[in-house]
Every structure is written in structure tokens, then in C-alpha cells.
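Just so it is clear, the values below take in all heavy atoms, side chains as well, and ignore hydrogens, waters and symmetry mates. Note that ligands are numbered from 1 as they come in the structure, with each ligand's atoms numbered from 1 the same way. From a predicted model like this one, the values you see are computed outputs, not experimental measurements.
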Amino acid sequence: MTSLHLYNSLTNKLEKFESIDPDNVRMYACGPTVYSSPHIGNARPLVVFDVLFRLLKKIYGNATYVRNLTDVDDKINKRAFERNISIKELTDEVIAEFHKSTDQLNVLPPTHEPRATFHIKEMLDIINLLIKNEFAYVVEGHVLFRVKKLDNYGQLSKRSVEDMIPGSRVEVAPYKEDPLDFVLWKPSKENEPSWDSPFGKGRPGWHIECSAMSSKYLGRQFDIHAGGQDLIFPHHENEIAQNFGAFGCLMANYWVHNGLLLVDNQKMSKSIGNIISLDEILQKLDGEIIRYVLLSSHYQKTLNWTDQIVNQAKLALDRFYGALSSATKISDDVDFESKVAAALCNNLNTPLALQRLMEITDQIYKTDDQQEKNRLCSILKKEAEILGLLMRENWFQKDAKLSEEEIARLLRERTKAKSERNFQRADEIRNYLLDNKIKIEDTKDGPIWKVILD
Ligand SMILES: [Zn+2]
């Protein structure tokens with residue numbers, strides 16, 4: 001197989017990927033803050049890095065993927081207060097819904113999915129190390145990271161420290177040694193969640209949780225750190241700073257970031273009212289259609305979500321599934337060289353990978369040789385699997401008017417009628433199914449059915 005190349009945001013270069021330990025490639029991605037369903041922009045990294053996870057497993061046979069859940073955050077406190085439920089009730093509910101959504105998107109569960117609030121001890125351990133190494137200081141119940149102590153702060157976001165200094169109109173907390181210093185630990189008010197610490201009752205800042213959970217499950221230095229490009233500054237920059245300050249090494253060798261998602265060329269915002277939440281859109285569209293749309297643009301580019309692109313995705317999937325339904329046998333055991341994997345090895349070129357699926361599909365429609373059809377369909381299914389597509393058993397069923405069981409029963413009755421030479425009954429059944437948009441095709445392995453599409 002061609003070797004994997006990824007665009008590394010740390011070096012701003014397309015680089016050949018070399019794992020620290022090819023027997024266990026390790027990847028971390030920042031997961032959702034669980035106060036409500038994520039919007040489709042946040043679904044993009046879930047799907048893109050799921051493809052990367054699948055690819056790594058295919059290339060290396062083994063990969064460890066950690067995606068965290070941020071379950072301590074002011075937005076969570078606010079939402080729980082508004083709904084008059086406990087923080088635990090809210091986060092448990094949102095996490096359960098989130099898992100339902102990721103399943104519908106065919107996103108594989110990561111190897112570990114740690115929750116921030118289960119790792120307060122690990123966070124405090126790193127904070128203590130940072131204090132010991134003089135990269136952090138305690139003041140008025142806060143622990144702050146001392147940014148000036150780092151020579152290369154800004155290496156990921158390519159910002160100079162001078163550019164980062166907040167303008168004079170921004171009020172800087174008086175206890176900070178320097179305006180750039182960021183929070184590792186802060187005191188909690190009475191109605192806010194809090195944990196005991198050597199610095200008083202309080203709660204962690206956001207950035208420290210990713211350093212704590214990644215180092216626990218992946219080690220202090222790992223291969224790939226992924227996330228949306230909006231996380232580069234300050235979140236990922238601060239994760240790098242924390243790991244360097246505590247452990248003296250670079251957190252991850254490859255930093256991979258996905259681009260923004262726009263809706264009809266606009267940024268999603270509350271004021272425009274164009275935010276599309278994932279659970280809302282999943283009630284209208286099959287998760288594979290959403291997944292297809294999210295993979296239809298290269299992950300580094302801005303993706304523009306429109307009705308047109310959704311329709312194109314649906315048509316493409318109808319065509320793939322239509323081709324698959326012409327197979328009389330799909331074999332798991334088929335020998336071929338994966339063109340989809342080759343496309344993905346080139347910095348996750350998902351548009352090209354989808355193009356490869358279309359090419360196989362064209363060949364399936366062209367050939368009249370059933371054995372060749374079966375072979376090509378087996379390849380199509382395997383190729384699509386790397387992209388997490390074509391996983392549905394009954395794609396057309398959602399358009400059909402009869403239940404699967406009812407169709408199967410009628411087909412059995414028709415076969416029996418034919419064997420008894422009762423052709424009138426056999427034709428009646430055929431016509432009844434046609435009225436219900438079901439077309440029967442007789443093959444040497446018995447009858448198969450398809451939904452007639454409008
Ligand atoms: Zn993070």
C-alpha cells in the first residue's frame with residue numbers, strides 16, 4: 001500500500017506519516033462539550049477522524065483512538081440550571097443522545113472515550129508538576145500557566161506573543177502575572193461544581209483536561225492530535241504548552257485539523273438562526289447521507305452545506321445501493337488492491353475516494369455477467385467500508401410501502417404458486433408488488449426485489 005501522508009499544521013507541510021510505534025498508532029481528538037446535541041459543524045471532525053481511525057487500523061492492524069467528553073463547563077452549568085436538573089442528569093442524557101447520533105453516522109466508538117470529571121486527579125497531578133517546574137503559579141485560589149516561561153509559545157498557531165496580548169480595552173484579571181497566562185484551575189462559586197484541591201475547592205480549566213486524558217491513555221507523546229481548526233488557538237496551543245511544561249516533550253508529532261462548515265455560505269450562528277443540530281437533521285436524513293456530505297469535500301477545505309449537496313449525496317447513495325442490490329452473492333473474501341485506501345493515504349482525499357466508489361459502481365451497471373457483478377459488488381462493499389459507507393441492510397426500505405416481512409412472505413407465496421403452475425396468482429402478486437413500488441427480478445438463485453425509485 002502507498003504510505004500515508006498527512007498535512008501537519010505544526011510544520012505547515014504535507015508529511016510522510018511515521019508512527020512512534022507502528023504496532024500501536026495513537027491518536028487523540030478533542031470531543032464534544034456535552035450540554036446539548038452538537039451541530040453539524042461539530043459532526044465533521046467526528047466523521048473525518050473516524051475515517052482516519054479506520055484507515056490507520058487498515059494500514060497498521062492496530063490503532064488506539066481517544067476522543068474525550070467535556071462534561072465540566074459553564075455552558076453545562078447554565079443549561080442544567082435552566083432545565084432544573086442536575087449536571088450529572090444533563091450530561092448523562094446528552095452523552096446517550098450523542099452516542100445514538102454517532103451510531104447513526106456509522107462513527108466507530110473510539111478505543112477510549114474518557115469523561116473529564118472522571119479525571120480530576122490526573123489533572124491535578126499535571127498541575128502539580130507544572131507548579132514544581134515553575135510553569136505554573138498559584139494565586140487567589142487560581143492556578144495559572146506562566147506563558148512567558150515557554151520559548152516557543154505560538155508554534156502551532158504561528159502567532160507571535162506580541163500579537164496575542166489582549167487590547168487595552170480587555171480587562172485582565174489583576175492577579176495574573178501576565179495577560180497571556182491561562183487558567184489551569186479556578187475556584188468555584190457555591191452553585192458550581194467543585195472538587196477538593198491543594199489550592200482550595202474549585203474546578204479545572206478546559207485545556208488541562210486534554211493533557212490529562214491523552215497522557216493517561218496514550219502516553220506523554222503520541223502520533224496524531226486531531227480537531228477542528230477553530231481549536232488551534234488557544235486550546236491546542238495551550239495543550240502543547242502544558243505537556244511541554246509538565247513532561248518536557250512535544251505532545252504529538254502530527255497535528256491534523258479540519259476546516260469550517262458553512263450553511264448556505266454563512267457561518268452558523270444563533271443570531272441568523274441557521275444552526276443545524278445533529279439530532280434534528282438525523283430525524284430528517286439517514287446518517288449515511290450526512291456522512292457522505294461531510295466526506296464530499298476535502299477535510300481541510302471549508303464545506304458549504306446546502307440542500308443541493310444533500311440531494312447529490314442521496315442520489316449517489318441510491319446509485320451505490322442500487323448497484324449492490326443487483327448482486328446475488330456478496331463475498332467478504334475478495335482479492336483486490338484498494339484504490340480507496342490509496343486515495344485516503346494522500347492526506348485523506350475523500351472526494352477522490354468517493355470518485356473511486358462511483359467508478360466501481362459504473363462497472364457494475366455496465367456488466368451483464370452476474371459473476372462479475374457479484375465480484376464488483378463485493379469490492380464496492382469492502383471499499384465503502386473504509387469510508388464507513390454502505391452499511392445499511394435495507395437502504396430502499398425507507399422508500400418502500402410494504403414491510404420487509406410482507407414482501408418476503410409474498411415472494412414465497414409467488415414461488416409456491418409458480419411451482420403449482422398457478423400463474424394467475426403469481427401475476428397477481430407481481431402486480432400487487434408493482435403497485436407498491438416493488439419490482440421482482442428472477443435470478444438463478446431465486447427472486448430478488450428492488451424498490452422502484454421516482
Ligand atoms: Zn482538547
Side-chain angles (χ1 to χ4, degrees), residues 8-10 26-35 38-39 41-50 52-53 64-76 91 94-95 98 102 107 110-127 130 135-136 143 145 147 150 153-157 159 182-186 203-247 249-260 299:
N8 189 349
S9 312
L10 192 62
R26 290 163 290 159
M27 170 166 84
Y28 185 89
C30 299
T33 301
V34 287
Y35 68 102
H39 59 58
N42 291 329
R44 192 178 188 190
L46 295 172
V47 168
V48 165
F49 302 124
D50 177 66
L52 181 53
F53 180 39
T64 305
Y65 177 28
V66 176
R67 190 185 63 217
N68 71 305
L69 294 163
T70 298
D71 60 352
V72 51
D73 183 273
D74 289 346
K75 280 186 278 218
I76 295 172
T91 53
V94 174
I95 289 169
F98 173 70
T102 50
V107 168
T111 321
H112 302 282
E113 195 179 39
R115 290 173 67 154
T117 55
F118 295 4
H119 296 82
I120 301 291
K121 185 194 167 291
E122 286 83 352
M123 295 187 218
L124 287 170
D125 287 347
I126 297 179
I127 293 172
L130 287 169
F135 277 95
V143 185
F145 188 93
V147 167
L150 263 188
Y153 187 72
Q155 58 175 316
L156 179 68
S157 55
R159 293 177 188 219
F182 60 87
V183 170
L184 300 168
W185 187 265
K186 57 190 168 190
R203 61 194 197 281
W206 172 32
H207 317 302
I208 193 70
E209 70 175 76
C210 287
S211 286
M213 291 185 274
S214 63
S215 60
K216 173 163 181 180
Y217 296 98
L218 297 174
R220 295 172 172 194
Q221 190 171 29
F222 50 92
D223 295 306
I224 300 170
H225 193 308
Q229 71 172 31
D230 52 331
L231 296 182
I232 291 178
F233 188 85
H235 185 53
H236 289 170
E237 197 74 71
N238 290 351
E239 287 184 32
I240 291 178
Q242 290 163 168
N243 274 47
F244 186 82
F247 310 133
C249 58
L250 179 65
M251 185 181 201
N253 291 334
Y254 301 86
W255 291 75
V256 183
H257 292 102
N258 66 278
L260 278 178
Y299 76 93

K.L.:
Do we see a donor-acceptor contact under 3.5 Å between the side chains of His207 and Gln242?
P.N.:
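No donor-acceptor contact under 3.5 Å links the two side chains.
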K.L.:
Run the ring-ring contact (aromatic ring centres under 6.0 Å, His included) test against Phe247 and tell me which residues pass, sequence neighbours left out.
P.N.:
none
K.L.:
Strictly by salt bridge (Lys or Arg N to Asp or Glu O under 4.0 Å), give each pair with a member in residues 112-121 just once, sequence neighbours left out.
P.N.:
Arg67-Glu113, Asp71-Arg115, Asp92-Arg115, Lys121-Asp125
K.L.:
Any heavy-atom pair between the side chains of Cys30 and Glu239 that's under 4.5 Å?
P.N.:
yes
K.L.:
Taking Arg26 as the fixed residue, which of Val66, Thr64, Thr111 is the one that meets the side-chain contact (heavy atoms from CB on, under 4.5 Å) rule?
P.N.:
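So, applying the side-chain contact (heavy atoms from CB on, under 4.5 Å) to Arg26 and each of Val66, Thr64, Thr111, only Thr64 qualifies.
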K.L.:
Tell me, which protein N/O/S atoms are under 2.8 Å away from the Zn ion (ligand 1)?
P.N.:
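Listed by chain and number, the atoms are Cys30 SG, Cys210 SG, His235 NE2, Glu239 OE2.
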K.L.:
Considering residues at least two apart in sequence or located in another chain, which fulfil the salt bridge (Lys or Arg N to Asp or Glu O under 4.0 Å) criterion with Lys186?
P.N.:
none
